[in-house]
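Everything numeric here is computed off the predicted structure, so don't read it as measured data. Side chains included, hydrogens not; waters and symmetry mates left out as well; all remaining heavy atoms used.
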Amino acid sequence: MIDDYNEKVSSKNGDISDLGPREITNRNDVSSNSAQKLKKSRFFQKFRNTDDQEEVVAVAKPKESVSLLNLFRYATKLDLILMLFGTASGLANGVILPIMIIVFGGILSKFTSRSTDACSLNFTALAIESCPEGYTLSASNYFSSLSICKFNLTFDLQSEITQQTLYLTGIGCASIVLSYFQVICWSFTAERQTKAIRQKLFQSILRKEIVYFDLHKTGELNTKLTDDVDKIHDGIGDKLGATAQFTASFLTGFTLGFVYGWKLALVILSIAPLLFVSAALFARLASGLTAMELKAYGRAGAVAEEVFSSIRTVLSYGGQEREEKRYEQHLEDAKKSGIKKGAINGITIGTVWFLIYGAYALAFWYGAKLIREDQYNIGDVFIVFFSIIIAVFNLGQASPHIQALSQARAAAYLVWEVIDAPCKIISDSKTGVTKDDLTGDIRFSHVHFSYPSRSTVKILNGISFDIKHGQTIALVGSSGSGKSTCVQLLQRFYDPDEGSIFVDDRRVDEYNLKWLREHIGVVSQEPILFQATIRENILFGRDTATDAEIHEAAKMANAHNFIMELPDKYETQVGDRGATLSGGQKQRIAIARALVRDPKILLLDEATSALDNESEKIVQVALDRAAQGRTTLVIAHRLSTIRNAHKIVVLNKGEVVEEGDHESLMELRGTYHSLIEQQHLRQIEEEEKLAFERNQSLTIDPLEENQLDFLRKRASTIISMTPSAKIVLFDKTRISITDGNVVIEENTDEKKKKEKKPNIAFQMFLMNRPEWLYIAIGCVSCLCNGGIQPAFGVVLSKLTAVFQECDPKVQEERVILYVLLFVGFGVLMLTTLFLQGFLFACSGEALTKRLRSKTFHSILRQEIAYFDDPNNNTGALCTRLATEASAVQGATGVRIGLTLQNLAALGTGIIISFVFSWQLTLLILGFVPFMVIGGFLQSRLMTGFASKDKKAFENAGKVTVESIQNIRTVVQLTKEDYFYEQYCSLLQVPYRSSIKRANLFSIFFSITNSVMFFSLAALFRLGAYLVNQQKITFEDLLLCFNCIVFGAQSVGQTASLAPDYRKAVDSAEKIVELLNRQPAIDNSSRDGDEISNFGGGLEFVNVNFIYPNRPESIVLKNFKLKISPGQRIALVGTSGCGKSTTIQLVERFYDPTIGQLLIDSKDIRSLNLQWYRSQIGIVSQEPVLFDMSIKENIAYGDNSRDDIPMEEIIAAAQNANIHSFIQTLPHGYETNCGAKGAQLSGGQKQRIAIARALVRNPKILLFDEATSALDSENEKIVQEALDRAQQNRTSITIAHRLSTIQNADMICVLHNGVIVESGTHEELIALHGRYYHLAAGKLK
């Protein structure tokens, strides 16, 4: 009986240990005051010999890991003492449970022998001697006669039991102390070591040379700092203490079992192989079915992925319903596998329980035989049985912890690898030359270089030039010519492969690196500011600068005035990467930062290229001022900025091709001259464009002028706004423009908060309604299941009490009866668990399928803007479909079933025990809260602290991300130590909180772990008194205990089995939100008008358009275009001018922001969307074909009919010029096209797409660059097909190749969202305008 109590406790410990230090210690990974502590000799460092490490590398294991000793290489002497002490406590703690069993067995023997001793008495003689006259004594009334007769008793039950209860209390106290030390010692040392590892790792990353960062991504290094260190933390924490505890329990239990009764021990162990074999067999089955289920769902997922990634094609051809059917077909297979898996799981758990009850039956049947024949007593049988059970269960519980340890060793291998990676260029090396006076002469001498990450590509090829002190030298050349590389070599981010770089006639690598970098000021193209105040950012240049020096540097950089205008002046926070400042402001602060160190050498790498003209002028003045009296090396693309340089060095492909000042190079008319010419041309073009736009804006009528003006202002403010300000604005509001009024809508998130949420679980139940019968029967079997545990408790008590019976025959008969009852319970458990597993799988899988198909349907009806949102990319939508729907199962039938099961178990148990003895029941119930609350608090601790620590770790994480992402800036500014110290101080917060939590956790753990010992002591002390007073029998005492304990235990087990309810509700909320989402354009809607004899006329009336996800750019401005039925229109223009947007508006993927689009004089919004789209055929630049046959792909063009006659398909193929090609394929029209049409060439795909467009016989044809991806041979063939297709239809063609549209009825030239010219090819050529220029360019 106590048996399962122990399982429960041990399983509780199991859970705790599973949580693992990572949560226990709240995953605190921790921090230390400074590098000083790290420098103390680490105790285990001694064990770390490099040979070991080489061996580790040499022996290629499947997964590399470090040795156990090496895992603790950062342990100090204090850590070592703590680990030893923690292990000793764990071992002692493990021995306690089996010892308690011995005491418990002793108590049972005392109670039983009191009765069995009475069996040997001569009752007749006793009655005459001690009782009133005529009183009849027998075994059954012997103890109740104590108050009437005057027996001369030597056996005092109460004092005997008191002694045993004192033992139990002592064991309880020992358990409190040992459990506390077991957890606290290991948790504390894990926190200390993890903190040391984090610091050491971060420090070593900051010290790495730049090559290392070229080869390792920021994300990868951050993962090592968080996840890998967490794994180490997880493996070296109190899980090791728990492992020691379980191991000790296992060994002690086994030993005790064999010492107290080897025969019985062997018989009990005979069931163990059966248990393991059956569990393994079912696990194989279940994993096979899971694989089948995943495969089926994988196929459904592939359909979803194909559909979401080609959503525009699916919608334009009205294929939603067809796709939904295709998707559901795969869901059905997944559902069947899921149901089978549920049934198998039910049988597995049922079989395990059946075998456990079988073990009870066998043990007590054989134990009773040994009691009768072999001088055993009931106490021995209990001791043997439960010792073996505990041993087996503890062995099982140790395994996850051992696994955690092996994961920690594997993670440590990766982390130690980073820490031990060697470096050639050591940034904090103490050696090297330092000088009091650096002049600043620089000389490059025959430098050859290629980047280590791309060693085959030569960047510098024997480059030589020199710079005298105080000179300004400019490096120019096309991109990739090696300009920035020179700057990086000068700062010694890399060393040249050959040749040398000299500063003041000493090689760069002879100087102390830190000292050298402190004398170089750098301003780069995209200046990196850190998340701090402006003052702190300037101070990064030199820590010791006074406020006066900071202001002076800011004035030189032309930044002081704008800083003084900010509300907080120099104390203004610049935000992440300087996000709250404009580009020019950031650039000037970066210049101030470079100047505050008063560098002798100034490197300007494209310092003004990212600025607009206004800012560039201001920054350029600042740079010219900064360069005075310093050696300055300038890199610039805008050549106007370097005219005044003392010398200009022209690079091409890593070689110096020209050298001299501006005038002499212009006279040479070489590379420099042609670069200047190109830039001059570009400038003229830009000026023309501006003038053209000014003219355009004059022709707009006044009403739209206001609206457009608003939009333009808004667009310009948005563009000039900083990213963080944009986020603030666009998070809070959406601006929509209706009928000329500006409406500011509240952010949808805010709205959501205000709406009252319906009860989600209830909504899910309603969805599960068709399966109510399954759920009802499942709940009934849960009730039965819950009732079995207390019933088992009753039978176990009866069985124990049988041994007080004097007549061996009666004893044997009753034992047989109870043993058969055990077997019956086993069968019942098997049945109810199978039913539960099977029926809840039926209801749950049906719900999952239903939700998946509803969600899929719901996603397909959303407007295109929904799919443009990065949060709804194809991957995210597929994941949502896959995970959320299946998580919801946990909120419906299973949930009710488990609740009922718990109620049945505890309720029945408490009622039965109240019937037998209310006093004992109240006493035990007094202890239950401790067990429950202790367990609850342990898990709360995990989650509660985890979220707090997460915050603290996020802050430390920000420092690591910021410094690793911008490592070049950190190194330039020699700020490695600053970031390291900041990281260490941020780690201090979670470290303190995890120590606090480890203490609390240890206290709760020790209380829950020991409460059982105290409850047993109290129970038997009061029980012995009540038995002595004749208030209850020994059997009643056992009944009370067993019923409550088994009831509580089953609650504990089901609680751990319960699916994650919170997760289920969250998923359900997201699904309901999606199902209720009202799209702006409902793609599944069939409402609206149909035009009876539709001609295909289109008219854009004053259309202005902004993409919902890119509100800063206005794509169409006051766009007007009228297309008559049957007219062939072509749109041309540079990319980004709005051509494709017009086609998307015609398809009604979006609605115009202002203005309207008329179809045969009716507003497009009033038409039936499904009917309207069926009138349009589209062929786009990259046509999307689906993973099906050619025939099905062509038939996809007309989804309104299920079965399109083969003649029509062939006719469409002939019109598209593809029929003869299809005939040559082995399978003809049944040939599969592959995913996205991968089996076919571009031209073949293009022609099949044309056939698909033609099969629906559309009134309007849209061609979006339909031939641009083809070679000239294919283009001719496809073009013929297109010309044939356009006859008697309205068509809009977009083309870059102007030769393809010369025959159009009207060509419209678009520029910046406006039609600037229109007419036939000949008319436009004669105009000599934009079209003429385009044609001249294209026809060259």
Side-chain angles (χ1 to χ4, degrees), residues 206-207 209-210 425-445 447 465-473 475 484-496 500-524 527-528 537-546 549-550 552-554 556-557 589-605 607 622-635 646 966-979:
L206 287 177
R207 287 177 173 171
E209 52 193 332
I210 298 292
I425 301 174
I426 300 165
S427 59
D428 58 354
S429 147
K430 298 284 175 277
T431 56
V433 178
T434 59
K435 297 166 61 172
D436 295 335
D437 54 329
L438 182 73
T439 319
D441 291 338
I442 300 170
R443 180 159 56 88
F444 277 69
S445 168
V447 174
F465 62 86
D466 58 357
I467 312 174
K468 293 279 175 286
H469 163 67
Q471 275 191 342
T472 298
I473 286 252
L475 295 181
S484 296
T485 305
C486 294
V487 170
Q488 300 203 49
L489 290 173
L490 188 56
Q491 295 173 75
R492 211 176 156 219
F493 286 169
Y494 306 95
D495 283 336
S500 308
I501 299 166
F502 296 89
V503 171
D504 288 4
D505 294 326
R506 271 182 185 272
R507 285 213 322 275
V508 175
D509 53 9
E510 290 176 23
Y511 287 103
N512 174 297
L513 190 53
K514 200 165 185 178
W515 176 86
L516 178 70
R517 284 177 181 162
E518 279 169 356
H519 285 80
I520 299 177
V522 183
V523 184
S524 59
I528 301 293
N537 264 297
I538 295 176
L539 273 177
F540 275 130
R542 180 162 59 99
D543 306 347
T544 52
T546 61
E549 287 173 317
I550 292 174
E552 186 50 42
M556 280 178 73
I589 289 173
I591 295 171
R593 179 175 69 189
L595 295 181
V596 79
R597 47 171 50 177
D598 189 20
K600 290 285 184 283
I601 299 171
L602 188 61
L603 308 178
L604 307 175
D605 186 354
L623 290 176
D624 293 345
R625 194 183 305 169
Q628 283 164 14
R630 296 190 168 90
T631 308
T632 311
L633 182 61
V634 184
I635 292 179
H646 296 107
N966 309 320
I967 189 72
R968 281 180 160 76
T969 309
V970 173
V971 169
Q972 276 165 6
L973 300 169
T974 62
K975 279 287 163 276
E976 298 95 331
D977 292 347
Y978 168 85
F979 283 104

(request) Taking all heavy atoms of Leu490 and all of Ile520, pick out the closest pair and write down the distance. (result) O-CD1, 4.0 Å

(request) Might you point out which heavy atoms bring Cys486 and Phe444 nearest each other, and give the distance in Å? (result) O-CZ, 3.6 Å

(request) Any chance you could measure Thr472, atom OG1, to Leu602, atom CG, to the nearest 0.5 Å? (result) 8.5 Å

(request) Looking only at non-hydrogen atoms, find the nearest pair between Ala553 and Ala592 and report the distance. (result) CB-O, 3.6 Å

(request) Taking the side chain as every heavy atom from C-beta outward, state whether Thr974 and Arg597 have any atom pair closer than 4.5 Å. (result) yes

(request) Identify the heavy atoms of Ile550 and Ala545 that sit nearest to each other, and give their distance. (result) CG1-CB, 4.3 Å

(message) Using only atom types and a distance under 3.5 Å, with no angle test, would you say the side chain of Arg630 pairs donor to acceptor with the backbone of Pro599?
(response) yes

(request) Under the side chain to side chain contact (heavy atoms under 4.5 Å, CB included) rule, what do Ile967 and Leu206 come out as? Steps first, then yes or no, please. (result) CA-CA 8 Å; Ile967 189 72; Leu206 287 177; 4.1 Å; yes

(request) Measure across Ile501 and Pro496 and return the closest heavy-atom pair with its distance rounded to 0.1 Å. (result) CD1-CG, 4.3 Å

(message) Tell me every residue that passes side chain to side chain donor-acceptor pair (under 3.5 Å) with Asp441, counting only those two or more places apart in sequence or in another chain.
(response) none

(message) Could you measure the distance from the CD1 atom of Ile601 to the CG atom of Leu603? Nearest 0.5 Å is fine.
(response) 7.0 Å

(request) To the nearest 0.5 Å, tell me how far Arg492 CZ sits from Leu516 CG. (result) 9.0 Å

(request) Find out whether Thr439 and Val503 are in side-chain contact, i.e. whether some heavy atom of one side chain is under 4.5 Å from a heavy atom of the other. (result) no

(message) To check you understand the geometry: which heavy-atom pair defines the closest contact between Gly541 and Leu973, and what is its length?
(response) CA-CD2, 4.4 Å

(message) Parallel, tilted or perpendicular: which one describes the rings of Trp515 and Tyr511, with boundaries at 30° and 60°?
(response) parallel

(message) With a 4.5 Å cut-off on side-chain heavy atoms, are Asp543 and Lys975 touching?
(response) yes

(message) Please enumerate all residues that pass salt bridge (charged side-chain N to carboxylate O under 4.0 Å, His left out) together with Glu976, with sequence neighbours excluded.
(response) none

(message) Do the side chains of Asp977 and Lys514 get close enough for a salt bridge, i.e. N-O under 4.0 angstrom?
(response) yes

(request) Check whether any side-chain heavy atom of Lys468 lies under 4.5 Å from a side-chain heavy atom of His646, and answer yes or no. (result) no

(message) Within this structure, what is the CZ-CD1 distance for the pair Arg968 and Ile528, rounded to the nearest 0.5 Å?
(response) 11.0 Å

(message) For Thr434, give me all partners under side chain to side chain donor-acceptor pair (under 3.5 Å), at least two apart in sequence or on another chain.
(response) none

(request) Look only at the side chain of Asp466 and the backbone of Ile442, and say whether a donor-acceptor pair between them is shorter than 3.5 Å. (result) no

(request) Report yes if some heavy atom in the side chain of Asp605 is under 4.5 Å from a heavy atom in the side chain of Val522; otherwise report no. (result) no

(request) Output the distance between atom CD1 (Ile635) and atom CG (Leu604), rounded to the nearest 0.5 Å. (result) 9.0 Å

(request) Check for a donor-acceptor pair, side chain of His469 on one end and backbone N or O of Gly440 on the other, with a separation under 3.5 Å. (result) no

(message) As an exercise, state the distance from CG of Leu475 to CD1 of Ile467, rounded to the nearest 0.5 Å.
(response) 7.0 Å

(request) Please step through side chain to side chain contact (heavy atoms under 4.5 Å, CB included) for the pair Leu539 and Val596, ending with a clear verdict. (result) CA-CA 8 Å; Leu539 273 177; Val596 79; over 6 Å; no

(request) Can you label the angle between the Tyr978 ring and the Phe540 ring as parallel, tilted or perpendicular, going by 30° and 60°? (result) perpendicular

(request) For Arg517 and Gln491, indicate whether the former's side chain and the latter's backbone hold a donor-acceptor pair under 3.5 Å. (result) yes

